[in-house]
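Each chain gets a letter, A, B and so on, in the order its sequence line appears, and its residues count up from 1.
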2 protein chains.
Amino acid sequence: MTGAPRAGTGTNQEAVRRHNLGTLLRHVHDSGEVSRAELTGRMGLNRSTIAGLVTELDELALIEHASPATGRRSAGRPSAGVRIREDGPYVVAVDLGVDRATVARVGLGGRVFDRATATIPPEPEAWQVGATIAGLVKQVVTTTGPDAALLGIGVAVPGLVRRSDGLIRHAPNLDWHDVSFGSIVLAALSLDVPIALGNDADLGALSEQRRGAAVGVGDLVYISGNVGVGAGVMSGGRRLEGVAGYAGEVGHLYHDPRGGPCHCGSRGCWETVVGAPAIAEALRCSADQVPRLGDILDEMSTAPRELRPIAMDLGRGLAAVVNIFNPSIVILGGYFLPLFRLCRAEVTAGLAERALVPARDSVRLTLPGLGKDSVLLGAAEMALEPVFVDPVASLAGAVTDASARLAG
Amino acid sequence: MTGAPRAGTGTNQEAVRRHNLGTLLRHVHDSGEVSRAELTGRMGLNRSTIAGLVTELDELALIEHASPATGRRSAGRPSAGVRIREDGPYVVAVDLGVDRATVARVGLGGRVFDRATATIPPEPEAWQVGATIAGLVKQVVTTTGPDAALLGIGVAVPGLVRRSDGLIRHAPNLDWHDVSFGSIVLAALSLDVPIALGNDADLGALSEQRRGAAVGVGDLVYISGNVGVGAGVMSGGRRLEGVAGYAGEVGHLYHDPRGGPCHCGSRGCWETVVGAPAIAEALRCSADQVPRLGDILDEMSTAPRELRPIAMDLGRGLAAVVNIFNPSIVILGGYFLPLFRLCRAEVTAGLAERALVPARDSVRLTLPGLGKDSVLLGAAEMALEPVFVDPVASLAGAVTDASARLAG
DNA sequence: CCCCGTTCGTTGTTCGCCACAACAATCCTC
DNA sequence: GAGGATTGTTGTGGCGAACAACGAACGGGG
């Protein structure tokens with residue numbers, strides 16, 4: 001985060017202001033409420049400089065003053081706090097799941113104000129889903145105050161998303177190929193705001209690093225176990241994207257010679273062994289119960305014997321992930337959340353079987369700190385990103401009367 | 001590159017100067033000779049600002065003016081060129097190979113002034129190797145001019161290197177565990193300069209991105225095929241390191257159920273199938289000929305039939321790399337260089353067999369642009385890195401009379 | 001309860017660095 | 001050779017962060 005705008009570019013002094021303003025806002029966003037004294041420490045700037053930045057953000061109606069934190073111990077004048085304004089700008093986050101879509105209005109600062117959910121039929125048309133989501137968006141923005149600005153929309157997609165333009169290259173569960181879903185949603189809303197799309201696992205990693213189980217951790221992997229298996233990777237504090245944004249497709253790592261054929265055309269892919277269909281088959285669920293798999297697993301208190309080999313294979317595959325990325329935390333999302341809860345020992349054993357010792361020693365497996373909201377909140381974080389790069393420009397591109405225009 | 005000094009830190013205005021000074025120097029370093037007009041374009045700064053920066057670097061004796069490039073076509077006053085000074089500061093690069101060590105004196109700007117090589121006995125003691133390298137270093141710095149400053153030493157190691165302190169955690173070929181090789185070399189030289197250690201594949205990727213086959217490419221993977229197989233990854237223009245620096249260990253990806261046992265304790269690792277021992281066995285070389293394998297492969301003009309399955313497996317394994325990192329270029333180094341030259345079709349076929357279509361479409365397999373010097377020059381680039389972050393500080397920490405002190 | 005040391009916010013000033021404008025220096029084209 | 005175009009140079013201006021000084025708000029000790 002907070003990298004240079006473009007590699008090799010010189011730094012201008014308005015760039016300095018932009019950067020400092022954005023960084024300060026990011027700190028407030030991350031921490032909820034920060035004292036100005038702490039901001040001077042974290043940012044390494046002078047008190048007076050911080051004061052100037054705070055004043056400007058205050059004038060932009062982004063932040064507000066808070067009374068000094070109570071219950072302090074140290075001597076000296078207490079430092080005044082700064083926090084995000086409740087009626088400040090917000091984003092709309094969309095989690096496009098396999099069988100349902102969730103939409104939430106999320107304020108700068110990470111607070112979820114409203115949320116709405118709708119089911120999605122199997123193999124839907126993109127325009128259908130776009131219309132459904134547009135309806136949900138209208139629902140969640142109705143409660144918006146008149147002054148609040150819509151900064152943008154973030155959409156989490158279970159599939160390959162091209163980073164440059166947000167094109168959905170391939171979403172196997174939805175059976176979509178090369179769908180420009182961002183423009184479909186905007187058209188359904190007849191609105192023109194910044195819209196960003198991202199892979200669900202990538203966004204899970206993002207939110208867990210911001211406000212979940214990996215706060216402050218630079219190197220983490222979020223493994224999303226659904227019908228397919230994907231990984232979102234943050235390395236050195238930045239999202240691993242690859243040239244087109246497809247990085248992290250660990251589901252098709254070769255895993256098991258006895259594995260069945262995979263939709264990718266190959267055989268023995270990891271996700272054929274540990275994906276939702278394999279779990280369902282082990283539990284003797286019928287194929288149409290796969291969408292309910294999460295609930296089924298959630299209700300279990302002990303692991304049935306049939307799950308254990310799958311958990312072992314989960315661990316073995318995680319070993320590859322650990323060897324390759326050397327993260328300090330691996331977060332198990334999707335169906336792997338209940339699976340890991342039930343079979344922690346097997347997963348750990350599988351990991352130990354194949355991971356290299358130095359990498360294994362520095363890694364910790366854990367559950368998502370945000371539970372099932374990781375992906376949704378990651379979409380919000382993605383949509384918020386521009387405001388931390390350039391608050392002024394981002395606000396200039398925001399829509400101020402979104403609730404009115406969407407109601408009409 | 002050119003990231004913020006630390007994430008979340010504010011930008012100070014001396015930081016601006018540092019950054020601009022370093023970035024300008026990096027451009028000159030990368031391009032060999034640049035016109036000031038081009039610098040204004042690339043860095044997005046004003047002419048007068050560039051002039052000021054150039055003046056300061058000139059006063060630091062880092063760069064010199066060059067006559068305007070001849071044979072131009074455009075109208076207007078020709079822009080004066082800037083280039084690195086010949087007698088400017090330099091670094092010492094060390095490539096610690098399996099059976100030999102190469103040391104070179106490399107100037108800022110990338111020019112290799114002197115080089116020396118020595119063989120290394122099998123399974124050597126660290127202090128032995130340190131003494132050998134110290135001798136080579138003394139050789140290569142003798143020709144140094146009296147004013148030139150030694151900025152630091154960069155060492156490429158075939159093994160796992162901990163990023164925080166440069167500790168060699170494990171180098172299988174050398175049979176080293178937890179060796180603090182940097183201090184050993186410095187002790188043998190009785191010198192105190194910045195010394196940096198890095199994994200050989202990581203450094204191959206670095207130099208290929210700077211001055212090799214992937215100039216300007218942000219996402220690339222350098223695969224180093226030796227006894228083991230490792231990958232150096234650059235993503236978004238930055239080195240993928242992982243929390244401790246072990247990222248990129250792709251050699252132990254599970255590849256083949258029929259594969260033999262691996263020294264890592266597992267079975268069927270990719271490197272047991274495509275590593276040097278496997279190649280040697282396919283060619284019916286005896287084990288003691290493995291160090292000469294490179295020469296043997298180099299002499300071949302057509303591929304013997306026995307190599308083809310290995311090339312297929314190389315391609316299949318590369319598919320995993322491509323799926324995971326989504327690079328735009330994969331560079332095949334080490335023994336994979338001749339192998340790919342001989343069996344390009346098989347490697348490509350293996351890749352096509354398992355790589356996902358979107359990722360495969362955006363990748364190109366290629367040979368190292370720097371040939372066998374990739375790793376060595378990568379070590380030089382690593383050692384030079386600090387001077388691009390803060391030229392003034394880096395020069396302050398340099399040793400000016402290294403040649404005299406090492407001769408005595 | 002008062003004094004003192006500590007820490008912090010505020011204000012006015014200074015300093016550093018980049019942008020800008022005007023001018024001089026070249027080069028190309030016609 | 002005149003004119004246009006591009007660039008280096010120089011002096012000026014403006015912006016933003018650092019700095020110093022002061023007052024404010026707290027804890028602690030007598």
Side-chain angles (χ1 to χ4, degrees), chain A residues 4-5 9-24 33-60 63-83 390-392, chain B residues 4-5 9-24 33-60 63-83 390-392:
Chain A
T9 309
T11 304
N12 188 323
Q13 66 189 20
E14 42 186 323
V16 171
R17 189 65 169 182
R18 268 201 305 271
H19 174 253
N20 287 349
L21 222 45
T23 305
L24 175 47
E33 184 171 327
V34 205
S35 74
R36 301 159 74 133
E38 201 173 339
L39 285 170
T40 66
R42 283 203 226 168
M43 294 182 62
L45 299 177
N46 193 284
R47 285 206 297 264
S48 54
T49 307
I50 296 292
L53 295 167
V54 166
T55 305
E56 184 163 348
L57 289 177
D58 188 40
E59 284 165 359
L60 289 170
I63 60 175
E64 61 189 8
H65 297 272
S67 48
T70 56
R72 293 168 43 263
R73 312 248 139 236
S74 63
R77 175 178 177 174
S79 185
V82 178
R83 65 164 165 250
D390 189 347
V392 178
Chain B
T9 308
T11 302
N12 186 322
Q13 64 190 18
E14 42 187 321
V16 170
R17 188 65 170 183
R18 267 202 305 271
H19 174 252
N20 287 349
L21 222 46
T23 305
L24 175 46
E33 185 171 326
V34 205
S35 74
R36 301 159 76 132
E38 201 174 338
L39 285 170
T40 66
R42 284 202 224 166
M43 293 184 62
L45 299 178
N46 193 284
R47 285 206 297 264
S48 55
T49 308
I50 296 291
L53 294 167
V54 165
T55 305
E56 185 163 349
L57 289 177
D58 188 39
E59 283 165 1
L60 288 171
I63 61 176
E64 61 188 8
H65 297 274
S67 48
T70 56
R72 292 168 45 264
R73 312 251 135 234
S74 64
R77 174 178 177 173
S79 186
V82 178
R83 66 163 166 251
D390 188 345
V392 179

Return the polar atom pairs (N/O with N/O) between nucleotides 10-16 of chain D and the protein under 3.5 Å, or none.
from    : atom 1 : to       : atom 2 : distance (Å)
dG14(D) : N2     : Gln13(A) : NE2    : 3.1
dC15(D) : O2     : Gln13(A) : NE2    : 3.3
dG16(D) : N2     : Gln13(B) : NE2    : 3.0

Check whether any side-chain heavy atom of [X] lies under 4.5 Å from a side-chain heavy atom of [Y], and answer yes or no.
X        : Y        : answer
Leu57(A) : Leu60(A) : yes
Leu24(A) : Leu45(A) : no
Asn12(B) : Arg18(B) : no
Val82(B) : Val34(B) : no

Just do the side-chain contact (heavy atoms from CB on, under 4.5 Å) check on Thr9(B) and Thr23(A) with the steps written out, would you? CA-CA 7 Å; Thr9(B) 308; Thr23(A) 305; over 6 Å; no

Those residues at least two apart in sequence (or on a different chain) that pass side chain to side chain contact (heavy atoms under 4.5 Å, CB included) with Ala80(B) are Arg36(B)

How would you list, by chain and number, every residue that makes a side chain to side chain contact (heavy atoms under 4.5 Å, CB included) with Gln13(B), sequence neighbours excluded?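 If we apply the side chain to side chain contact (heavy atoms under 4.5 Å, CB included) test to Gln13(B), skipping adjacent residues, there are no hits.
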
Grab the [atom1]-[atom2] distance between [X] and [N] for me, whole Å please.
X        : N       : atom1 : atom2 : value
Leu24(B) : dC17(C) : CG    : C1'   : 15 Å
His19(A) : dA17(D) : NE2   : P     : 11 Å
Arg18(A) : dA17(D) : CZ    : P     : 13 Å
Ile50(A) : dC8(C)  : CD1   : P     : 12 Å
Leu53(A) : dG9(C)  : CG    : P     : 13 Å

Contact list (N/O, under 3.5 angstrom) for nucleotides 5-7 of chain D vs protein:
from   : atom 1 : to       : atom 2 : distance (Å)
dT6(D) : O2     : Arg77(B) : N      : 2.8
dT7(D) : O4'    : Arg77(B) : O      : 3.3
dT7(D) : O3'    : Ser79(B) : OG     : 3.4
dT7(D) : O2     : Arg77(B) : NH1    : 3.3

Does Asn20(B) use its side chain to pair, donor to acceptor, with the backbone of Gly10(A) at less than 3.5 Å? no

Residues Ala37(A) and Ser79(A): closest non-hydrogen pair is N-OG, 2.9 Å

Closest contact, heavy atoms only, Thr40(B) versus Arg47(B): CG2-CA, 3.9 Å

For residues 48-58 of chain A, which residue pairs pass the side-chain hydrogen bond (donor to acceptor under 3.5 Å, both in side chains) check, not counting sequence neighbours? Arg17(A)-Glu56(A), Asn46(A)-Ser48(A)

Would you work out how much the helix from dC1(C)-dG30(D) to dC30(C)-dG1(D) bends between its ends, with each end axis defined by five base pairs, to 10 degrees? 10°

